[in-house]
Protein chains: 2
Amino acid sequence: MVTIHDVAARAGVSPATVSRFLRGQHVRSSEKIQAAVDELGYWPSAAAQSLKSGRTYTIGVVVPDITNPYFAAVVKGMESVTRAENYRILLANTDESSDREDDVLADMVRRVDGIVLAPATEQDQTPLHVRDADVPLVFVDRDLAGGEHFDAVLVNNVDGGRQAAEHLVGLGHTRIAAISGNQDTTPGRCRREGFVSALAAAGVDVPAEYDLVGNFREESGYQLALSLLSLPEPPTALFTANNLMTLGALKALHDMRVDVPGQVSLIGFDDLDTGPLLRPPLTVIDRPMVEQGVLAMRLLLRRFDPQYTGDTPRHIVLDTKLIERASTAPPPGSGDRRQATTRTRRGRSA
Amino acid sequence: MVTIHDVAARAGVSPATVSRFLRGQHVRSSEKIQAAVDELGYWPSAAAQSLKSGRTYTIGVVVPDITNPYFAAVVKGMESVTRAENYRILLANTDESSDREDDVLADMVRRVDGIVLAPATEQDQTPLHVRDADVPLVFVDRDLAGGEHFDAVLVNNVDGGRQAAEHLVGLGHTRIAAISGNQDTTPGRCRREGFVSALAAAGVDVPAEYDLVGNFREESGYQLALSLLSLPEPPTALFTANNLMTLGALKALHDMRVDVPGQVSLIGFDDLDTGPLLRPPLTVIDRPMVEQGVLAMRLLLRRFDPQYTGDTPRHIVLDTKLIERASTAPPPGSGDRRQATTRTRRGRSA
DNA sequence: TGTCTTTCTGAAACCGTTGTCAGTGGGAGT
DNA sequence: ACTCCCACTGACAACGGTTTCAGAAAGACA
């Protein structure tokens, strides 16, 4: 490995001078040093710089599942910010496991200047230890009990649930089911709450057998949708709590030859790249994704600026938006033939 | 920050002894040291360890686009290996840009023990410099001119192209178009070569206006598909060179109200999670994704074992597989009514 | 008890870089 | 020619660990 001493020797100066030159100070023998650097192909050692400065210029990013298009988009947004600010991203998957998250965070604390975390559960207290280590932490997508002490970029999940509920009620549905995600996560809990309470407000009751809780994975959406369809009186509309569960549910509906939206309407949380191309095109509650990553990373990097270090934590809450496509329609047997036929044109008619 | 000296002082021993204890050596005052570590919440500084040992236990992963489900899956596979071996992943996106790749690699070389790279172009020579820096490098998905000096995990793209071609020819198509990816990348070039030459072998000629080259992005697939459809004599079958271009092409076909596969058959390279749920379910050339990541990372970590460090580079080439779904069918007007009607049942009939 | 061996220990050097500090040398001003 | 000033420089000491080396303590044996 070529060190700053090698460069110094070759240029006939001291290492200190080389260091000064590299940091942009004016130096008499700049040409000779530059030449030495080029000839030797010198690059300073990041480890040595970190040791001296106490900064790694690296940000830890911890997500439950990088193959979830939502998190992939969030990470991409974060990456665009770190790149511009000369930071790097140390990435870790937790597979939705709190234990794994503990390990990852304990390890990261010694290697990064800050962390963006989508916590596995709301009860997890490990992140609080991160704070003890004086490593700034920002939550994205999910909050924490005690999370008010941290910056966060969230989405109005309760309101998203409400939008979904009101959409289905507006179409005339009364037998409405929900397939929710982990109830120990912010999005899991809030989307369900928003959905169920908006239904209640509209006078629609959700019986226990229609109120299912899974774990945000595709398989979970698939299994729970199957169980709903096997009910003596299956629902006519279905709300799924994230993109993967929506796909799982849609697969189940296909496998059971159920006409969507002719027999069952489906509305999901989170849009998909392929949303418009699916059978049928999905009606979803959409939210910013890349933008969430950008905002979270900005919030984090801000903490490195002494001017803002001590600011009280900020919670940015973004709005969701209903995207109406063709997977929702009035319930079967309702008077509205026009709508129903228009909407089911592409499905197998009942 | 609490250092090894603080722990030593508290335990009444020297830093050397604490270090020995932490590395598992037998030490007389182990209880006292453990107590001091716990009470102070001590964690060794990664920077200091790296500086001394010359190892960072970090692997650089460079991909063109993390939001491409293929690369997300590959990264996930890599992550499962690094986790088990106590390594971490420093992630970077290049946005398919060689310049960006240069910057990223130059930066990474000083911060990681090894790199897995999906190169932006085959001509790029920067990776060779990485070798000068004595940082092991493994290619994944894409190779390089001069890449024979490196380990690589690839896919038999030529054969994948052939499979697609033979499938379409087998259905009776003769007006067949290809929407290819960047020709300065391995997959872009090989998939097109395999496809076109297999068609030629079957006696099917691909005129220039059917042989389009784009850039692996959805928008590119969309635009090129539109241009094909506006031809005086549009093709009856279409091969798209990756998942995103396939989606783009499918969107174009939808927008132009073209019946798939009634009027035009579509076969893509790379399966999608949503593949079976699309309108119509996509026929694709599939290949291992997570597994590619796993293999690439294993190949890389192997290089750290002195036993294998000097081994001649290995190229692992995985096979592709045709998954027949409903987006391909005999061309319109062909005698085979049974197949055509079966296959187009879900499309808008012509 | 004395010698020899083994096990454990602390001092100190080192990894590569940066910041401090006390110069050194050159130029401007008288 | 002499002083003063200022820009620039190199030696040196950190940063927080690990490793070497030599020596101390403890155990084995006669």
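What you see below is based on every heavy atom in this structure, not just the backbone, and it leaves out hydrogens, waters and symmetry mates. Convention: sequence-line order gives letters A, B, ...; per-chain numbering from 1.
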| Between D:dG17, C:dT17, D:dG10, which nucleotide gets closest to the side-chain atoms of B:Tyr42? | D:dG17
| Under 4.0 Å between a Lys/Arg side-chain N and an Asp/Glu carboxylate O for A:Arg10 and A:Glu39? | yes
| request: Round to a whole Å and report the spacing from CZ of A:Arg111 to C1' of D:dG17. | output: 13 Å
| Among C:dT18, D:dA11, D:dA26, the one nearest A:Ala16 by side-chain distance | D:dA11
| message | Measure CD1/B:Ile4 against P/C:dT9 and give the value in whole Å, please. | response | 14 Å
| query | Starting at CZ of B:Arg28 and ending at P of C:dT9, how long is that distance when rounded to a whole Å? | reply | 5 Å
| said: How about OH on B:Tyr57, more than 12 heavy atoms from neighbouring residues, nucleotides or ligands closer than 6.0 Å, or not? | reply: no
| remark: The residue, B:Arg23 or A:Ser14, whose nearest nucleotide of DNA chain D is more 5′ is A:Ser14
| query | CG of B:Leu51 versus C1' of C:dC14: gap in Å, rounded? | reply | 9 Å
| query | Can you tell me if the side-chain N/O atoms of B:Gln49 get under 4.0 Å from OP1 or OP2 in D:dT18? | reply | yes
| Rounded distance in Å - NZ (A:Lys52) to C1' (C:dC14) | 16 Å
| Between the side chains of B:Tyr87 and B:Arg55, is a donor N or O closer than 3.5 angstrom to an acceptor N or O? | yes
| said: On the side chain of A:Arg20, is there an atom forming a donor-acceptor pair with the base of D:dG10 - under 3.5 Å, no angle test? | reply: yes
| field | Atom pair distance, as rounded to whole Å: CG in B:Leu22 and C1' in D:dT19 | value | 15 Å
| Are A:Thr17 and D:dG10 close enough that a side-chain N or O sits under 4.0 Å from OP1 or OP2? | yes
| said: The side chain of A:Ala48 is closest to which nucleotide in this list: C:dT9, C:dT17, D:dG16? | reply: C:dT17
| note | From CZ of B:Arg55 across to C1' of D:dT18 the rounded distance in Å is 15 Å
| query | B:Phe21 has an atom CZ; how far is it from atom P of D:dG17, in whole Å? | reply | 15 Å
| task | Among the candidates D:dC21, C:dT18, D:dG16, find the nucleotide nearest to the side-chain atoms of B:Thr3. | result | D:dG16
| task | Would you classify A:His5 as touching base, sugar-phosphate or nothing, given that sugar-phosphate means primed atoms plus P, OP1 and OP2, and contacts are heavy atoms under 4.0 Å? | result | base
| query | Taking for each residue the nucleotide of DNA chain D bearing the nearest heavy atom, is the 5' side occupied by A:Ser29 or by B:Met1? | reply | A:Ser29
| remark: Which of B:Thr82, B:Val75, B:Leu90 passes side chain to side chain contact (heavy atoms under 4.5 Å, CB included) with A:Leu91? It is B:Val75
| said: Under 4.0 Å between a side-chain nitrogen and a carboxylate oxygen: does that hold for B:Arg287 and B:Asp141? | reply: yes
